Structures are given as C-alpha cells and as structure tokens.
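Heads up, the thing below is written out as structure tokens.
Quick caveat, the model's predicted, so the values are computed rather than measured. A, B, ... follow the sequence lines: proteins, then strands. Residue 1 opens every chain.
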Amino acid sequence: MSSDKLNLTLRVWRQSGPEDHGGFQTYKLSGVSTHMSFLEMLDVLNEKLIAEGEEPVAFDHDCREGICGMCSLMINGQAHGPDRGTTTCQLHMRRFTDGQTITIEPWRAVPFPVVRDLVVNRSAFDRVIQSGGYVSVNTGNAPDGNCIPVPSSTQETAMDAAACIGCGACVAACKNASAMLFVSAKVSQLATLPQGKAERSQRVVNMVAAMDREGFGSCTNTSECEAACPAEVSVSHIARLNREYSKAILFSDT
Amino acid sequence: MFRVASDELNSRVPDGPLQEKWDRHRFDLKLVNPANKRRFNVIVVGTGLAGSSAAASLGELGYHVKAFCFQDSPRRAHSIAAQGGINAAKNYPNDGDSIYRLFYDTIKGGDYRAREANVYRLAQVSNNIIDQCVAQGVPFAREYGGTLSNRSFGGAQVSRTFYCRGQTGQQLLLGAYQALMRQVATDKVRLFPRREMLDLIVINGAARGIVVRNIETGRLEVHVADAVVLCTGGYGNAYYLSTNAKGCNVTAAWRCHRRGAYFANPCYTQIHPTCIPVSGDYQSKLTLMSESLRNDGRVWVPQQQNDGRAASEIPDSDRDYYLERRYPSFGNLAPRDIASRAAKERTDAGFGVGETGLAVYLDFRDAIRRDGEDVIRRKYGNLFHMYEKITAENPYKVPMKIFPAVHYTMGGLWVDYNLMSNLPGLYVLGEANFSDHGANRLGASALMQGLSDGYFVLPATINDYLATATLPRVVEDHPECTATLTAAQQRLNQLIGINGSRSVDSFHRELGLLMWDYCGMARTKAGLEEVIPRIRDLREQFWKDLRVPGSGTGLNQSLEKAGRVADFMEFAELLAIDALHREESCGGHFREEYQTEDGEAARQDDLFSYVAGWEFQNVGEEPVLHREPLNFENVTPTTRSYK
Ligand SMILES: Cc1cc2nc3c(=O)[nH]c(=O)nc-3n(C[C@H](O)[C@H](O)[C@H](O)COP(=O)(O)OP(=O)(O)OC[C@H]3O[C@@H](n4cnc5c(N)ncnc54)[C@H](O)[C@@H]3O)c2cc1C
Ligand code: SF4
Ligand code: FES
C-alpha cells in the first residue's frame, strides 16, 4: 500500500432518531486517499455501507468550503477536528496516519438535540438572533453608503466578528455549552459599526437573555471556544460583550 | 426532438424610454392598502439572497409570509459561499462608471441574449442595494479614510465591485438573514427550515401552495397561500461536480415546470475558469477560487508541450500568458466564458500542467514582488488559506493550479418583467429565474440580481397581482392539495420501493460525467444527439436499480438525494435538447460548429435572438418551444470583443 493511502478504524456515533439512546459502531475503512477531505472519507464509508445493505451515516454538510456552517462533528474529541481555523469539510485526510482510530460524534450540547446519527438541531441560534441580532432598518430609503465614513480599522474589527459561520463548535467545545462566542460575535460586530450603535444596549441585553432561555451555559473564560472556532473569532469579542452588557445594565432607564 | 409553438411569450416590458420604464411602471402598478396587506399570505421558498431579502421585505410591508429552506437555518443558503463581490454603478472611484455603463457591460457580457429593460432596471437598483446593505451593518471593505472600497471583476474596465474580504456572499446573506429574523420576531414571517419543496399546488390555473417534506420527521405538509415566490437557486449540480453547495438542486423549479411553468434557456450554463482541479474519483465537489484573484494573478501555461519543469524554473520567455496575448485590453480579466474556453484550448492542445494535464497556472509571483506578500494576504488571505488546505501547496510560493468548472446557471424558469412566471401567482427570483444575464453572467452580478429581485423588484410588482387577481380562499384539504400531496407521497414510496443495487451518488456521478462531456464547455450536434438517448437510458436504469436504504419516516438523506437526482435525470434531457436546438454559439453555450476563425463564439442573430421558453409535456415526450423575441432598442448587438 502506497504511503498516500490509509487504513482506518472509525468509531461512529449511530442514533436512529431523537428518542433513541444511540451508541458507537466500529467500521474499518481501507485505502483512504490522503487527498480526500474528511467528508469525502465519510462519503466513501457511506457508499460501502449502502452496498452492504446498511443505512449510511447521517451527517450535515452543504457548501464543503468552510463557510455555510452546516458541517459539524467532534473528531477525536475536538470540534471540527485537529486543525485550527478549519471546518470539518476543509479538514483533509493527510492530517491522519495509517492505522489510526478516529472517533466521530455529534455536537454534544443540550440546546442542540440530536436528530439522527451526527446531525443536530441548531435552531436555538436562529432564535438568539431573532432576539436582537440585527439593525432595525426596513428596506428602502437607506442613506448613501458613503454618508457615514467608517475607518477601515473599525470595519476590519467588525468583519473579524462578522466572520462567524454559526456552526456551533464553540458551544460543543465548551464544557458548559456556553454560546458566548457566537453571541458576542454578533453583538461586537453591530456595536462596533455606527449603523448598529442606536440599538446596542437593548441588543446585548435581549440576546444574552435569549441565550439563557435556550439553555446555553455560562461562560467561565476557558477559551476552548476560541480554539475550536473555524472562523477564528477571538474571545476579545466576549470581553466587548461583557462591557456592552455592563454599560447597558448600568445606564438602563428601565 | 421538440415542437415549436406559434405564439410569442409576452415579456410585459412597459413602454417608454429605457431610463423611465421602471419608474413609470411602478406608478402604474396597483397598490394594496396597508390594512389589506395582512389579509394576504405569501410563500417564499428559499432563503438565499433572493429569498431572504424578499421574505424580509414582504414582512416589513405587512404581508403574512412563510419562508422555507432545506438547510437547518436560513443563513446557510448557498449564497453564503459567494466570495468575490457585488457590482453597483456608484462610480465612487470616478473612473467613468454609470448606470448606463453597468447596463451596457451586462448586456454585452451576456452576449446579447438578455432583455434590455430587465438589465437596465438591475443597473438602476444596484446602487440602492449597497446603501441598504451598509445600513444593515454589512462590513464592506473600506479605504483608510472610511469610504467604501472597490475592486475590478471580469468583463469590465471600471472598478465597481464592493466586497467583504473573500466572504461577500456571507456578509450580504447575513444582512438579509438578520432582516428576516427581525420579521420572524414580529411574527410577520414564519420560518420553516429543513423543509424540502416537493411540488407546487396549482388551483384554477394559479399557484396557490406547495407540498413540502419535513426533512427531520419525514412528514409531508401542505401550505397554501395567495402567491408562491420561488428563490431556490441554480441547477449546476446537474453536472454532479460543480462549485455549488451539495444540496443545490433543480427540484423546486422542475416541479413547477412539470405543473406548467416554462423553463427558459436551460443550456446557458456558466463554466468558471478558476477552480481547483479534480484530484480523484472520490471528488465530491469543486472549489472556486474567486475571479477577484485575476486582479493580481496572471494566467499562463508553458510554451512547450509537456514541459516537465517546476513552474519556478520556467523563465518568462518560456511562458505563454495566453489571456494577455489573446485579449490585450482585458487581459486576465477577460469574461468567464472566454477565459474558460481559452484554458480548454490550451489544455486540449497539450500545454496543460499538473499530473493530469488538466490545469493551468494562476501566478501571483509578480503581484507579490510588486506589492509584497502582506498586501496580497490582506486581499486574498482566506482564499489562499483555502487553496492550501485543499491542495497542500502554498500559493504564496508556487502558482495555483486551476481549471474550469461548472459554476452558475443563467437559464431558469421563464419570468416576465414583473418576475412572474407564465403561471399566475408563481414568482421566480434569483438564480432560479432566467432573467438578467443572457448567455453569460459577469462576475459579481448574481448577488446584485438576487438582492435587486428580493429587496426592490418583487415587493413592488407582487402588490399589483394581489390587488387585481381573483383569489378565492383555499384550505389545506382542498382536493387539489390532497391530490398533489398524495402524488408526492407516492413518488417517495416508489423511490424507496425500487430496492435495486446502486446508490444515488453513483447515478448522479454518471449523469454528471455525461453532461460534462457532451454539454460542457463545448457542444456539437453529433454529441448532443448521442447523449440524449444515453440520458434516457440512465434514467430508466435509475428507476430500476436504485437503492435507497431506510424508510420515509425520520431523517433519510439518501431519500432526499434520490428525489433530487430523479429530477436532474429529467431536467438533463431538456438541457441537452435546448443545447441541440440552439444552433449558434453565445456566451456559455459554445457549439463547435459555430465559431469564428480565431475560435470565438459566433452568434446567429437572425435565427436565435430569442429566449427559448420550454413547456413540459410528459417525461420522454417532446417539449414545446415558446419564443420570446429579444428586441434591442438601445444597444446594437455586435460581435463581443475583449481584444
Ligand atoms: C462558490 C461560489 C461563489 C460565488 N461568488 C459570487 C460572487 O462573488 N458574486 C456574485 O455575484 N455571485 C457569486 N456566485 C453566484 C451566487 O452566489 C448565486 O448565484 C446566488 O447566491 C444565488 O442566490 P439565490 O438566492 O438565487 O439562491 P441560493 O442562495 O442558492 O438559495 C437557494 C435557497 O433555496 C432553498 N431551496 C432549494 N431547493 C429547495 C427545495 N426543493 N425546497 C426547499 N428549499 C429549497 C435552499 O435551502 C436555499 O435557501 C457564486 C457562486 C458560487 C457557487
Ligand atoms: S463563533 Fe466560531 S465556533 Fe462559534 S458558531 Fe461562530 S464560527 Fe462557529
Ligand atoms: S459544509 Fe459548509 S462549512 Fe462545512
């Protein structure tokens, strides 16, 4: 066997539905090309399972370019696998070695219930955004885009936060299942830009309340989220959220 | 192969001078008074740029909206993956841009196969889009002084593309998604994620609802409304390998087509010149390297065939910068169809690079020498990072290897100036319609079109329909609803019941190869005549030998794919028939028989200056061609030249 082919043992979480308890199944997969992406490796596994009359492993994915936030997976205990700043769909098999055992699980967090196998429901994130993750502007009659200058450094900071792909790895990586990194990314983006300033106090208070309501845990500053985040959103945005929150509570007139 | 109808499709383009059409039309359209708006229900299928912007804007107006997508969140629609940017005629750089120039570039870029009035409106609205997005907090790139920054895209000699690093689609979609979430919070919009539209409900000739499958539970649902707005994206995945997200499909559009909506110009497909080449038979998708890279990257191949040297060892004198050579005035920024064909010409002639010879270089050496690595990293860092992830090569050090891949589809459901299909009450927006790009789309124009359709055009035109149409109340157990639901359920049962031996993916790959080989970058009469029966055979095998494991209850990804591939199998035949019937070369449709001496596309304006709107008969039966003649009152179709 040439060196760019791997023989792998896969321990995959199988769960037939939300009510099922689920458990690990072990599969052997040989001749995996190191040029494959991780999801292509799972495609190959699934083709094999179908040929053998078994049901394929369900997993979420769409863009396979690291931007839609649809793919997930805990790979050997790490959200999105071993590479920093990389989604599962952008992870390649050259990161693994011949003979290795790879354990593959879904995101584990109460607010993200398992739908089947490796697929979870992340609607909680949409509900958090619904609580205030926007600028309240209707379509039409917006002023000219250049009427408020935004220094490029400010815009860059906002863009760093806005890069969040909403994948949920930060929650999965956190032992408290906190969604602080996700929430702070939106709060920070909109608090930084002049367009978002008018609603900044309400926004942070409402989004934090929504996050609690959805059952996400509290943040204990261990930064596991930042290490797992494929969009490299920095925990400095959590610090900004905390400042925004304190200001909002201190100066609130309600 | 097909029949020709004697009627002409009516585009309902309003009278008057080009510049005034949209304004006058908006004045002529009937309005729905604010109190009455809440009596109307509108279904929006798809939450990409077109769908999210439409659903949010209709909600703001006061309509009751239901929004559907198959992903787990509307924010994950395929628009999220757009990298390069969005055009607008702001002329901020003062380099001679104008609404008229954006209109002209787009009509010319589309090889004179688009409607003038639609394209002009698109150019007019483009400026409002930028303003709207800025107001939403979209972090567009800025100059140090704080003003918005622009870059250049193919097919234009001005800088009019607005961008957010290499993630423009993501930021625009999040802006629209957030506007949508704001409407969800006010209950104006109800959200239905993880729903796959399986059919359209037509009652008394009008679109009145949809049948969807809840992907998590497997249950089918009926939703009724006064109008249905389809924003379900393009059909590039008919080719299996494409730059599209894995879930992109033709199902929603095809199901509407089967219910009577005409499918226009399906053979207009865009092959993007700069994608990462195929690496093996397990390949599941192709990754785009944004066109913006051609601002700084230079495309070349060795001058010698099978030159075995590493790129860095090939001196300039032995390199053929073939785009600069053939198209000196546009150079590396020649439009996509032209750049793709030029790459095919070089690799077919044996000058390709890489293991398979199916690649050309995109080289940043000179830009890095000129501007330094930091500047290049700031502009394209995430793209370079993605390239390195996939190929394990460092593009700051060695040139990228790229090759053309299926990327975008200009064809789509036929719509009139109001974006309504020939089925009353069925609107089609974004990539799913055929309207604005003719036979070739210019870079950074799809995002513009999706948002123009959703934020500005539909919210103006749909009022007129709702105010004037007779729309008796429809309930969910109307006999037509029940019949459509039953048919959808039977089809799913049938797919599961085949119980053959081959997986959905194996069929999809096989179809994709046929399409790429015979309906790809170059097409011929003989090839198309050969492939049509082969598509039919494959479809027959599919229905005999497919294996869908599991059942229809609960999540079953094989079943989802099976339904989509079944529709691609029918659609592919129409695409090939359209390509066969169009005996000319234009934009992305290149028929080898019709080319100039130096290998450029040769249009046949006297014969084919029309939109081909296809009417469905039955699977395997001859479709009927309805033509919409294209009238050019403002520009004169000429041979497109980028030399
Ligand atoms: C990699 C890449 C880069 C690109 N870069 C650019 C760029 O830089 N500039 C530019 O202008 N254009 C770019 N494009 C093109 C552009 O992104 C798309 O044309 C555009 O985003 C399409 O938007 P849309 O709203 O029409 O559809 P999409 O964003 O594709 O959305 C389709 C929606 O329909 C839903 N849907 C589909 N089928 C069903 C069904 N059966 N049932 C229920 N829901 C369904 C999906 O869930 C989704 O919400 C790029 C395209 C690709 C592939
Ligand atoms: S902050 Fe990072 S890890 Fe969390 S959802 Fe966003 S992209 Fe994913
Ligand atoms: S599949 Fe889209 S981010 Fe991985």
Review point. Which region of A:S136, side chain (C-beta onward) or backbone (N, CA, C, O), has a non-hydrogen atom less than 4.5 Å from a non-hydrogen atom of chain B, or is it both or neither?
Key: both

Practice item. Considering only heavy atoms and a distance below 4.5 Å, find which of A:L190, A:D43, A:T192, A:I165 pairs most often with chain B. Key: A:I165

Practice item. With a 4.5 angstrom heavy-atom cut-off, could you sort out which part of B:L286 is near chain A: side chain, backbone, both or neither? Key: backbone

Review point. B:F162, B:Y455, B:F456, B:Y92: which one forms the most heavy-atom pairs within less than 4.5 Å of chain A?
Key: B:Y92

**Study point:** Side-chain (A:N146) to main-chain (B:L148) donor-acceptor, under 3.5 angstrom
**Key:** yes

**Study point:** Under 4.5 Å from any heavy atom of chain B - which part of A:V120
**Key:** backbone

Check your understanding: How many angstroms lie between atom CG of B:D505 and atom CD1 of A:I50, to the nearest 0.5 angstrom?
Key -> 7.0 Å

Practice item. With a 4.5 angstrom heavy-atom cut-off, could you sort out which part of B:A392 is near chain A: side chain, backbone, both or neither? Key: both

Point to revise | Top of A:P194, A:G133, A:P151 for chain B proximity - count of heavy-atom pairs under 4.5 angstrom | key: A:G133

Review point. Under a 4.5 Å heavy-atom cutoff, which of B:R194, B:Q167, B:H78 has the most pairs with chain A?
Key: B:R194

Practice item. Counting only heavy atoms closer than 4.5 Å, note whether B:Y177 contacts chain A via side chain, backbone, both or neither. Key: side chain

Review point. With only heavy atoms counted, which part of B:R165 is less than 4.5 Å from chain A, the side chain, the backbone, both or neither?
Key: side chain

Exercise for review: May I ask you to decide if B:S284's main-chain N or O and A:E40's side chain share a donor-acceptor pair within less than 3.5 Å?
Suggested key: yes

Point to revise | Side chain, backbone, both or neither of B:T553 within contact of chain A (heavy atoms, under 4.5 Å) | key: neither

Point to revise | Top of B:I130, B:V184, B:V548 for chain A proximity - count of heavy-atom pairs under 4.5 angstrom | key: B:V184

Exercise for review: For residues A:V135 and B:A135, report the shortest heavy-atom separation together with the two atoms involved.
Suggested key: CG1-O, 3.4 Å

Review point. Quick one: NZ on B:K389 to CG on A:D83, what's the gap to the nearest 0.5 Å?
Key: 3.5 Å

Study note, to complete from the structure: So OH of B:Y144 and CD of A:Q155: to nearest 0.5 Å the spacing works out to 10.5 Å

Revision key, fill the gap. One option among A:V119, A:D117, A:I129, A:T154 has the most heavy-atom pairs under 4.5 Å with chain B, and it is A:I129

Check your understanding: Checking B:Q132 side chain against A:G140 main chain: does a donor-acceptor pair fall under 3.5 Å?
Key -> yes

Study note, to complete from the structure: To the nearest 0.5 Å, atom CD1 of A:I67 lies from atom CD1 of B:I80 at 6.0 Å

Exercise for review: Would you mind checking which part of A:I148 comes under 4.5 Å of any heavy atom in chain B, side chain (CB onward), backbone (N, CA, C, O), both or neither?
Suggested key: backbone

Practice item. Applying side-chain hydrogen bond (donor to acceptor under 3.5 Å, both in side chains), run through A:E47 and B:S506 and close with a yes or a no. Key: CA-CA 9 Å; A:E47 286 297 290; B:S506 79; 5.3 Å; no

**Study point:** Minimal non-hydrogen separation, B:A185 against A:Y134, with atom names
**Key:** CB-OH, 4.5 Å

Point to revise | Among the listed options B:A141, B:P193, B:A77, B:A56, the residue most often paired with chain A at heavy-atom distances under 4.5 Å | key: B:A141

Exercise for review: Check the side chains of B:S73 and A:D126 for a donor-acceptor pair under 3.5 angstrom, ignoring hydrogens and angles.
Suggested key: yes

**Study point:** A:V57 versus chain B, the contacting section by heavy-atom distance below 4.5 Å
**Key:** backbone

Practice item. Could you tell me which portion of B:L191 (side chain, backbone, both or neither) has an atom closer than 4.5 angstrom to a non-hydrogen atom of chain A? Key: side chain

Exercise for review: Check each atom of A:V137 against the heavy atoms of chain B and say whether the ones under 4.5 Å are side chain, backbone, both or neither.
Suggested key: both

Revision key, fill the gap. Bottom line for B:L174: the part with an atom under 4.5 Å from chain A's heavy atoms is side chain

Practice item. Would you check if the side chain of B:E60 reaches a backbone N or O of A:T139 as a donor-acceptor pair within less than 3.5 Å? Key: yes

Review point. Do A:S152 and B:E143 have side-chain N/O donor and acceptor atoms under 3.5 Å apart?
Key: no

Review point. Relative to chain A, which of B:T186, B:L555, B:N556 shows the most heavy atom pairs under 4.5 Å?
Key: B:L555

Point to revise | Side chain, backbone, both or neither of B:S558 within contact of chain A (heavy atoms, under 4.5 Å) | key: side chain

Review point. Under 3.5 Å, is there a donor-acceptor pair between the A:N138 and B:R182 side chains?
Key: yes

Check your understanding: By a 4.5 Å heavy-atom criterion (distance strictly below it), what part of A:N206 contacts chain B: side chain, backbone, both, or neither?
Key -> neither

Review point. Under the side-chain contact (heavy atoms from CB on, under 4.5 Å) criterion, do B:M181 and A:R127 qualify, and how do the steps go?
Key: CA-CA 8 Å; B:M181 290 301 102; A:R127 290 189 293 272; over 6 Å; no

Practice item. Evaluate the side-chain proximity of B:Q557 to A:R116: yes if any heavy-atom separation is below 4.5 Å, no if none is. Key: no

Point to revise | Atom group of A:L193 that falls short of 4.5 Å from chain B, counting heavy atoms | key: side chain

**Study point:** Pick from A:A142, A:P56, A:A58, A:G145 with the largest number of heavy-atom pairs that fall under 4.5 Å of chain B
**Key:** A:G145

Point to revise | Most chain B-contacting option - heavy-atom pairs closer than 4.5 Å, from A:S33, A:A163, A:G66 | key: A:A163

Review point. Would you find more than 12 non-hydrogen atoms of other residues, nucleotides or ligands less than 6.0 Å from A:E19 atom CD?
Key: no

Practice item. Identify which part of A:R94 has an atom lying under 4.5 Å from any heavy atom of chain B, answering side chain, backbone, both or neither. Key: side chain

Point to revise | Flag if over 12 foreign heavy atoms under 6.0 Å of CZ, B:R190 | key: no

Point to revise | Any donor-acceptor N/O pair, B:R76 side chain to A:C68 backbone, under 3.5 Å | key: yes

Practice item. Calculate, to the nearest 0.5 Å, the distance between atoms OG and NE2 belonging to B:S279 and A:H92 respectively. Key: 7.0 Å

Exercise for review: Using a cut-off of under 4.5 Å on heavy-atom pairs, state which of A:D62, A:L39, A:L91, A:N46 scores highest against chain B.
Suggested key: A:D62

**Study point:** Region of A:H35 that comes under 4.5 Å of a non-hydrogen atom in chain B
**Key:** both

Exercise for review: Kindly compute the distance separating CD (B:Q283) from OG (A:S37), expressed to the nearest 0.5 Å.
Suggested key: 8.5 Å

Practice item. Side chain from CB out, backbone as N, CA, C, O: work out which of these in A:E54 comes under 4.5 Å of a heavy atom of chain B, or both, or neither. Key: backbone

Practice item. Identify the two heavy atoms, one from A:P143 and one from B:D131, that lie closest to each other, and give their separation to 0.1 Å. Key: O-CB, 3.3 Å

Practice item. Measure the shortest side-chain to side-chain distance between A:D60 and B:Q71 over non-hydrogen atoms and say whether it is less than 4.5 angstrom. Key: no

Exercise for review: May I ask you to decide if A:A162's main-chain N or O and B:Q171's side chain share a donor-acceptor pair within less than 3.5 Å?
Suggested key: yes

Exercise for review: Find the one option among B:M386, B:K90, B:Q83 whose heavy-atom pairs under 4.5 Å with chain A are most numerous.
Suggested key: B:M386

Exercise for review: Counting only heavy atoms closer than 4.5 Å, note whether A:Q90 contacts chain B via side chain, backbone, both or neither.
Suggested key: both

**Study point:** Residue part contacting chain A, namely of B:D72, when any heavy atom lies under 4.5 Å
**Key:** both

Review point. Given that the side chain runs from C-beta out, which part of B:Q136 has a heavy atom under 4.5 Å from chain A: side chain, backbone, both or neither?
Key: both

Check your understanding: After noting the C-alpha distance and the side-chain angles of A:E65 and B:K285, does the key distance pass the salt bridge (Lys or Arg N to Asp or Glu O under 4.0 Å) rule?
Key -> CA-CA 9 Å; A:E65 287 191 6; B:K285 75 155 286 169; 3.0 Å; yes

